[in-house]
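See structure below.
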Amino acid sequence: MKHDGKIALVTGGTRGIGKAISMRLAQDGADIILNFKSDATTAEETAAEIRALGRKVWVFQADMRDDKAIRGLTKTIKDEVGQLDILVHNAAFGTMGSILRMGLFSWRAAMDINVTALLLLSQQLAPLLQENDGGHIIGLSSIGADMTFSEYANIGVSKAAMEALCRYLAYELAPLGIHTNAVSAGPIQTRAIDWFKYPHAVHNYATTKSPLSRMGTPGDLCGIVSFLCTPDADWILGQTIRADGGISMGEDFMDWLSDEERAEEEAIKAAKRR
Ligand SMILES: NC(=O)c1ccc[n+]([C@@H]2O[C@H](COP(=O)([O-])OP(=O)(O)OC[C@H]3O[C@@H](n4cnc5c(N)ncnc54)[C@H](OP(=O)(O)O)[C@@H]3O)[C@@H](O)[C@H]2O)c1
């Protein structure tokens, strides 16, 4: 299998997209270090699913907001695991709301968890990632980094900074044998969608804008992350791979049809699918 003998750390790897990535890397042969913040029960359930695949799993609690906890996590990985080939920074924080009313707590928490944590993990784990034929770093980003959505500034700005950090990491760490890229997602059906004021509007937006006429799932992302961590992807470096079902391809004048015209077009599309 493509990740046989490899060990991957997935921050926030216990549920949602992080869980799908952990499971996929495990299915592809890697042993997994699961990190989570507060939900130990879910972490243990995910660990059991990974063990059932015949893979080794370590479960380490650490809040990605806390630099001392990150230091503790990286020390534990060095002392207790002694190997790391793949680092996926998936854990994230964000609040929804107006940029004019965004509190410093939200701003700093998003920057700490989404950006600074990746910087610290990369600095502290680069020596391990370098061993064993080099390693891979992947940051999980959002199309809100370079598109603008209402009330999304807190997350969007921090993800844009994370994508820039991934580019600079790629530049500096490639000579050490460490490949860095980001994967940027459109709306994906996880618990995080419930944080939006109108989750159904996010769903309608995604299913309308994507020519695939559906919302994304964690399974849409995990294979991309796994591929980026293989030698076949070695020539992809410092990129943000956008996986959004085509949502960001562009505007379409069909979006401005009246309700009757839209219903007519939907009926035509449905007839063609039959
Ligand atoms: N869902 C989307 O539509 C979407 C779109 C674009 C990008 N993304 C990105 O994809 C990634 C995963 O999103 P998701 O929707 O799967 O999120 P989710 O369902 O809310 O899962 C979050 C995971 O991160 C962990 N976590 C949260 N805060 C943490 C912290 N401070 N320290 C360590 N772990 C922490 C959680 O652990 P506990 O359970 O212990 O709290 C959980 O395992 C994020 O980077 C997100 O920005 C998501």
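Read the numbers this way: they start at 1 and go in the same order the structure lists the ligands and their atoms. Position 1 is the first residue of the sequence; numbering continues from there.
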Residue pair Met162, Leu118: steps toward the side chain to side chain contact (heavy atoms under 4.5 Å, CB included) verdict: CA-CA 8 Å; Met162 193 194 71; Leu118 177 58; 3.7 Å; yes
For [X] and [Y], does a side-chain donor sit closer than 3.5 Å to a side-chain acceptor?
{"X": "Thr208", "Y": "Asn204", "answer": "no"}
{"X": "Tyr168", "Y": "Thr180", "answer": "no"}
{"X": "Glu45", "Y": "Thr42", "answer": "no"}
{"X": "Asn90", "Y": "Thr11", "answer": "no"}
{"X": "Thr217", "Y": "Gln189", "answer": "no"}

Among all protein heavy atoms, pick the one closest to [atom] and tell me residue, atom and distance.
{"atom": "atom 41 (O) of ligand 1", "value": "Ser38 OG, 3.2 Å"}
{"atom": "atom 4 (C) of ligand 1", "value": "Ile17 CD1, 4.0 Å"}
{"atom": "atom 31 (N) of ligand 1", "value": "Asp63 OD1, 2.8 Å"}
{"atom": "atom 5 (C) of ligand 1", "value": "Gly186 O, 3.3 Å"}
{"atom": "atom 25 (C) of ligand 1", "value": "Gly12 CA, 3.4 Å"}
{"atom": "atom 28 (N) of ligand 1", "value": "Ala92 O, 3.8 Å"}
{"atom": "atom 37 (O) of ligand 1", "value": "Lys37 N, 3.6 Å"}
{"atom": "atom 22 (C) of ligand 1", "value": "Arg15 NH1, 4.0 Å"}

Contact atoms of ligand 1, heavy-atom distance to [X] under 4.0 Å:
{"X": "Asp39", "result": "38 (P), 39 (O), 40 (O)"}
{"X": "Pro187", "result": "3 (O)"}
{"X": "Ile188", "result": "1 (N), 2 (C), 3 (O)"}
{"X": "Met64", "result": "30 (C), 31 (N), 32 (N), 33 (C)"}

Non-hydrogen atom of Ile113 closer than 4.0 Å to ligand 1: yes
Contact check, Lys159 vs ligand 1, heavy-atom distance below 4.0 Å: yes
Within 45° cone of Phe196 ring axis and under 6.0 Å: Arg191 NZ or CZ: no
Measure [X] to ligand 1 on non-hydrogen atoms and call it side chain, backbone, both or neither using the 4.0 Å cut-off.
{"X": "Ala62", "answer": "backbone"}
{"X": "Gln189", "answer": "neither"}
{"X": "Ile193", "answer": "side chain"}
{"X": "Asn90", "answer": "both"}
{"X": "Thr190", "answer": "side chain"}
{"X": "Ser141", "answer": "backbone"}
{"X": "Asn35", "answer": "side chain"}

Hphob cluster co-occupancy, Ile155 + Met111, side-chain heavy atoms under 4.5 angstrom: no
Between Phe149 and Tyr205, ring centroids under 6.0 Å: yes
Short N-O contact, [X] and [Y], less than 4.0 angstrom:
{"X": "Lys37", "Y": "Asp63", "answer": "no"}
{"X": "Asp146", "Y": "Arg242", "answer": "yes"}
{"X": "Asp67", "Y": "Arg71", "answer": "no"}

Heavy-atom closest contact (Ile188 atom, Pro218 atom, distance): CG2-N, 3.4 Å
Donor-acceptor contact present, side-chain Asp244 to main-chain Gly186, <3.5 Å: no
Shortest heavy-atom approach to atom 26 (N) of ligand 1 - which of Ala91, Gly94, Ala243, Gly144: Ala91
Geometric N/O contact Ala185 with ligand 1, under 3.5 angstrom: no
